[in-house]
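See structure below.
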Protein chains: 2
Amino acid sequence: MAEGNTGGESLLFLTDEQLRKGIEAMFFAYRGFTADPDRILETMDYGRAHHRAIHFIHRSPGTTVSNLLTILGVTKQSLNRVLRSLIDDGLVEARVGKSDKRERNLYLTPKGQDLERQLSDAQRARMRAAYRAAGPAAVQGFRTVLEAMMDPEMRRQYQSLREGEK
Amino acid sequence: MAEGNTGGESLLFLTDEQLRKGIEAMFFAYRGFTADPDRILETMDYGRAHHRAIHFIHRSPGTTVSNLLTILGVTKQSLNRVLRSLIDDGLVEARVGKSDKRERNLYLTPKGQDLERQLSDAQRARMRAAYRAAGPAAVQGFRTVLEAMMDPEMRRQYQSLREGEK
DNA sequence: AATTTACGTCAGCCTTGTTGACTTTCCAAG
DNA sequence: CTTGGAAAGTCAACAAGGCTGACGTAAATT
């Protein structure tokens, strides 16, 4: 980490100007981040809300509705509208919980997995290109800052989602 | 770019898993990023759209409506609704263009500047905390990756907005 | 048996995005 | 000087996706 940054670690010069640049970088980058999936989604009858649901169901197959509510941070009425259309269209399957029959365990159907693939391929392609252009050290810094920017509760969600990985 | 990825980090292992982590980091971090201004805005009658307009008017005083349209990427009808409420509430002033009288040059009134301060103070505080926690090298990487993630046109917007700085 | 939890749903509201159509103003080129 | 077209504003209608509140049902928990 001994970067060419003004003598070792030094102090951070956090001028308002620098911070404002960071803020705008987030704004413009997030637009790019969602642009590709958005283009795919709008050809179907879906939006970003469907994408988010699909992403996290793919990510944690068998997750319950209330888990999803916590992660997405929306009301059940709002999620239900989205989930309903995905189930009706045969992209998501909701199985009654085995141990607790009040719960619904959510899974992507093969059709749902197809769409998930399309969407995440597009999003990963952009992320990959950005990572390549920026280099490994930058990637590390990118993730570090983003993690520090999350609300504590969301950081826990983010990190706990990483537990299951190899 | 002399590709600094030769350093101890070796080649980039861009597994789908790593890319997915980056994607989720963006998702959760953006939530944190907007959380503080959102809380302030909801006490008034404003939303994120008002925040964006205020931000970029503050940023480039005297900018025209069509400049703003390009930067924000929305329709004029959508922007107009937001702009109208800001003008009616006395936060924004629209002066008829001096050289071209069809244009409207937009400025924040003192009242508008007050709100801008409030909002950006909140947002900067979080950004500052994240930067401090992550360190200077991480900040550099953060900005580099975000910039690489933008659409080319947005990157130009982002960079041209930086020209005027000292 | 009573209460709580998980989920679904109906109804209605708001913000913020969209199209399409139309007008006014005004610069600039013919 | 006339006219074409750009810039801006406005009206109307609509959709996505947030929200609240109220209510129902089945299952688990106490």
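Reckoned from all heavy atoms, side chains included, excluding hydrogens, waters and symmetry mates. So that the names make sense, note that chain A is the first sequence line, chain B the second, and so on, each numbered from 1.
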Which whole-number value in Å describes the distance from [X] [atom1] to [N] [atom2]?
| X | N | atom1 | atom2 | result |
| --- | --- | --- | --- | --- |
| B:Lys98 | C:dC26 | NZ | C1' | 18 Å |
| B:Leu83 | D:dT10 | CG | P | 10 Å |
| B:His50 | C:dT16 | NE2 | C1' | 9 Å |
| B:Ile87 | D:dG9 | CD1 | C1' | 10 Å |
| B:Asn105 | D:dA7 | CG | C1' | 12 Å |
| A:Leu79 | D:dC19 | CG | C1' | 14 Å |
| B:Arg95 | D:dG9 | CZ | C1' | 20 Å |
| B:Asn80 | D:dA7 | CG | P | 16 Å |

Which part of the nucleic acid, if any, lies within reach of B:Ser85 when heavy atoms closer than 4.0 Å are counted: base, sugar-phosphate only, or nothing? nothing
Describe the nucleic acid contact of B:Ser78 in one word from base, sugar-phosphate, nothing, applying a heavy-atom distance below 4.0 Å. base
Among [options], the nucleotide that comes nearest once only the side chain of [X] is considered:
| X | options | result |
| --- | --- | --- |
| A:Lys76 | D:dT10, D:dC23, C:dT19 | D:dC23 |
| B:Thr75 | D:dG18, C:dT18, D:dG17 | C:dT18 |
| B:Arg104 | C:dA6, C:dG8, D:dG9 | D:dG9 |
| A:Arg81 | D:dC19, C:dT9, C:dT15 | D:dC19 |
| A:Thr64 | C:dT18, C:dC7, D:dA28 | C:dC7 |
| A:Ala49 | D:dG17, D:dA27, D:dC19 | D:dG17 |
| B:Lys101 | C:dA6, C:dC27, C:dA11 | C:dC27 |
| B:Val65 | D:dA27, D:dA8, C:dG8 | D:dA8 |

Side chains of B:Thr34 and B:Arg48 only: does a donor on one sit below 3.5 Å from an acceptor on the other? yes
Both A:Asp100 and A:Asp45 contact DNA chain D. Taking the nearest nucleotide for each, which residue is further toward the 5' end? A:Asp45
By nearest-nucleotide position on DNA chain D, the 5'-leaning member of B:Leu69 and A:Val82 is B:Leu69
So does B:Arg102 reach the base of D:dA6 with its side chain, donor to acceptor, closer than 3.5 Å? yes
I'd like to know if A:Gln77 reaches the base of D:dG17 with its side chain, counting only an N/O donor and acceptor under 3.5 Å. no
With side chains defined as the heavy atoms from C-beta onward, is the minimum distance between B:Arg117 and B:His58 less than 4.5 Å? no
Would a 4.5 Å heavy-atom cut-off, applied to side chains only, mark A:Phe27 and B:Arg52 as touching? yes
Does B:Arg84 pair with B:Asp89 as a salt bridge, N-O distance under 4.0 Å? no
Any salt bridge linking A:Glu24 with B:Arg59? Criterion: basic side-chain nitrogen under 4.0 Å from a carboxylate oxygen. yes
When A:Asp88, A:Val65, A:Leu91 are each screened for side chain to side chain contact (heavy atoms under 4.5 Å, CB included) with A:Leu83, the one that passes is A:Val65
Kindly say if A:Arg84 contacts the phosphate of C:dT9, meaning a side-chain N or O under 4.0 Å from OP1 or OP2. yes
